[in-house]
Protein chains: 2
Amino acid sequence: MPPRPLPRPAENDAVLVSQDVLSRLKGDILDGHFAPGARLRFAELQRLYGAGIGTLREALSHLLPEGLVELDANRGFRVAAISAEDLRDVSDLHVEFEQRAIVQSVRHGGEAWESGLVLAFHRLARIERLTREERKQRSSEWLAAHRDFHRALVAACPSRWLLRLRAQTFDHMERYRLVSQRHRPLGPSKRAEHEAIQAAALARKAELAGELLAAHLRETTETVLRHAPQFMPPPPG
Amino acid sequence: MPPRPLPRPAENDAVLVSQDVLSRLKGDILDGHFAPGARLRFAELQRLYGAGIGTLREALSHLLPEGLVELDANRGFRVAAISAEDLRDVSDLHVEFEQRAIVQSVRHGGEAWESGLVLAFHRLARIERLTREERKQRSSEWLAAHRDFHRALVAACPSRWLLRLRAQTFDHMERYRLVSQRHRPLGPSKRAEHEAIQAAALARKAELAGELLAAHLRETTETVLRHAPQFMPPPPG
DNA sequence: CAAGCAAGCATGTTCGAAAATCCAGCCGCT
DNA sequence: AGCGGCTGGATTTTCGAACATGCTTGCTTG
């Protein structure tokens, strides 16, 4: 069951093949199409993405420092493993990054930030109002909207580095959420929480927005951890 | 003036050509052989490192998410720019990472950590006892020892993610230090500070070690910033 | 003379053939 | 049976030729 048919229409605006492959490959790792720990063989990747070996290597090399794939010499690339320990580790840092970023974002955000946030929230809310069944069918749409919403919240944070690191940890958190979701039913919508965070942000209550966001993220992590045994690989012993 | 002669003897133990090129290229960017903002042309890189284009692209793709190089489509790779603003940004986060990491490291470190630290400090101290002239000649040796010393300090920190992010910001801090050093005389040795930090760590005074380390790093950043106009590119206007 | 265009060159990007490496299974030996 | 070495096939790694793109220069035209 290949993740996607071969030369997927350029729905993204990637100019370079390597960038296009990169985003597709990353998406397929984050949503669990490639299981944690799975080997990534070039023959298969070539078939799936229709790119040459060199191009694939370039994309995989990009994912290496992000911690999404691992490489051991002459044995090729593997999807990075997951563990409850790693989840707690990355989650703690991620919550902190998000909290700090949103506080600064609320304090520095101007009109453009407000508009962007309102728009992103609106798009997310439209999907989250649907029934569970509909949400399930349009999950990739929800995923993009959710991602955009969280990015919009922190978009006005002036620290480029904080945003960069937040983006890194966000990816990993997303992978944990999505991988765990494959092994349990879709949870209830977090619509109310998203709305509360957005409201606090627009009301310029920076500290409150930070607390709400942190709580939202912590709860998500706890939910994933609660279901962890169902999808976590057993310890190597 | 090429950074180094062509097929440098394999002084590191990199099994893969791409990994070897990666570490050399990274080193040459960090120490300013390739100036911030400079274009990285494949013809030149091929001549310098004796590797094929594909291999070079792989190494550059690795440096992309680390923020050391940038890519714009069909225009190739450039060394990432520097600025006083970026330095403050990355420095603030770096100081915090180091401080938290050393506190945890001191609390969790066992015998192996202690030995490693003692050894790393000893190696660094040997070089820092030399005269300024000698230190200048053996700067690459000092660089490695300094790097190892700081790594040894935080090595026992149990958070893999904290260590990973610390390593990322460390690289950028090192680049700022080295690039600025090319435009001003070598500063005085930080020997006493390093010794104080090591002593506090070995005495298991976690908080003290954290404070000393943070102060050490902040002072370094301030020194660099004080000399910033001499090496920072003027604002694009 | 300025604006627009086109040709030519410099450079970036992609791809898969060829070499290197690893690994599983087989064989012979103790 | 257990161990060590060997071989063939599977896989990874490297490389640069071939193609694509962007930039400069110099010509043409209004």
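Quick caveat: nothing in here was measured; it's all calculated off a predicted structure. All chains are named by letter (A, B, ...) in the order of the sequence lines, taking the proteins before the strands, and each is independently numbered beginning at 1.
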TODO: Would you please name every residue forming a salt bridge (charged side-chain N to carboxylate O under 4.0 Å, His left out) with B:E114, sequence neighbours left out?
DONE: B:R204

Open item on the list: Could you work out, with salt bridge (charged side-chain N to carboxylate O under 4.0 Å, His left out) as the rule, every residue matching A:R100, not counting sequence neighbours?
Closed with: A:E96, B:E96

Open item on the list: Between A:Y176 and A:L225, is there a side-chain heavy-atom distance shorter than 4.5 Å?
Closed with: no

Between the protein and nucleotides 7-9 of chain D, which nitrogen or oxygen pairs come in under 3.5 angstrom?
none

List in chain and number order the residues that pass side-chain contact (heavy atoms from CB on, under 4.5 Å) with [X], two or more places apart in sequence or in another chain; answer none if no residue qualifies.
X: A:D171; result: A:K26, A:L30, A:E66, A:R147
X: B:A167; result: none
X: A:S115; result: none
X: A:A59; result: A:V21, A:L22, A:L25

When you get a sec, tell me which of [options] is the closest nucleotide to the side chain of [X]?
X: B:R41; options: C:dG12, C:dT14, D:dG16; result: C:dG12
X: A:F42; options: C:dT14, D:dG16, D:dT12; result: D:dT12
X: A:V17; options: D:dT11, C:dT13, C:dT14; result: C:dT14

Euclidean distance, atom [atom1] of residue [X] to atom [atom2] of [N] [Å, nearest integer]:
X: B:Q46; N: C:dT13; atom1: CD; atom2: C1'; value: 13 Å
X: A:D20; N: C:dT13; atom1: CG; atom2: C1'; value: 14 Å
X: A:E44; N: D:dT12; atom1: CD; atom2: C1'; value: 15 Å
X: B:L40; N: C:dT13; atom1: CG; atom2: C1'; value: 16 Å
X: A:L16; N: C:dG12; atom1: CG; atom2: P; value: 12 Å
X: B:Q19; N: D:dT13; atom1: CD; atom2: P; value: 9 Å
X: A:L45; N: D:dT13; atom1: CG; atom2: P; value: 12 Å

TODO: May I ask you to evaluate whether B:S18 reaches the phosphate of D:dT13, defined as a side-chain N or O under 4.0 Å from OP1 or OP2?
DONE: no

Task: Below 4.0 Å: OP1/OP2 of C:dG12 and any side-chain N or O of B:R39 - done: yes

Report all side-chain donor-acceptor pairs from residues 118-128 of chain A shorter than 3.5 Å, counting only partners two or more places apart or in another chain.
| residue | atom | partner | partner atom | Å |
| --- | --- | --- | --- | --- |
| A:E128 | OE1 | A:H194 | ND1 | 3.1 |
| A:E128 | OE2 | A:W142 | NE1 | 3.1 |
| A:E128 | OE2 | A:H194 | ND1 | 3.3 |

Open item on the list: Which label fits B:F42 and B:F77: parallel for a plane angle under 30°, tilted from 30 to 60°, or perpendicular past 60°?
Closed with: perpendicular

Open item on the list: Does anything in residues 52-70 of chain B come within less than 4.0 Å of DNA chain D? Heavy atoms only, and list the residues if so.
Closed with: B:G52, B:I53, B:G54, B:T55

Task: For B:Q137, all residues meeting side chain to side chain donor-acceptor pair (under 3.5 Å), sequence neighbours excluded - done: none

- [ ] List for me each residue that meets side chain to side chain donor-acceptor pair (under 3.5 Å) alongside B:Q104, sequence neighbours excluded, and say none if there are none.
- [x] none

Using atom names, set out every protein N or O paired with an N or O of nucleotides 20-22 of chain C below 3.5 Å, distance rounded to 0.1 Å.
| residue | atom | partner | partner atom | Å |
| --- | --- | --- | --- | --- |
| C:dT21 | O3' | A:N74 | ND2 | 3.1 |

TODO: Indicate yes or no: does A:D92 engage A:R88 in a salt bridge with an N to O separation below 4.0 Å.
DONE: no

- [ ] With heavy atoms under 4.0 Å as the rule, sort B:A43 into base, sugar-phosphate or nothing.
- [x] nothing

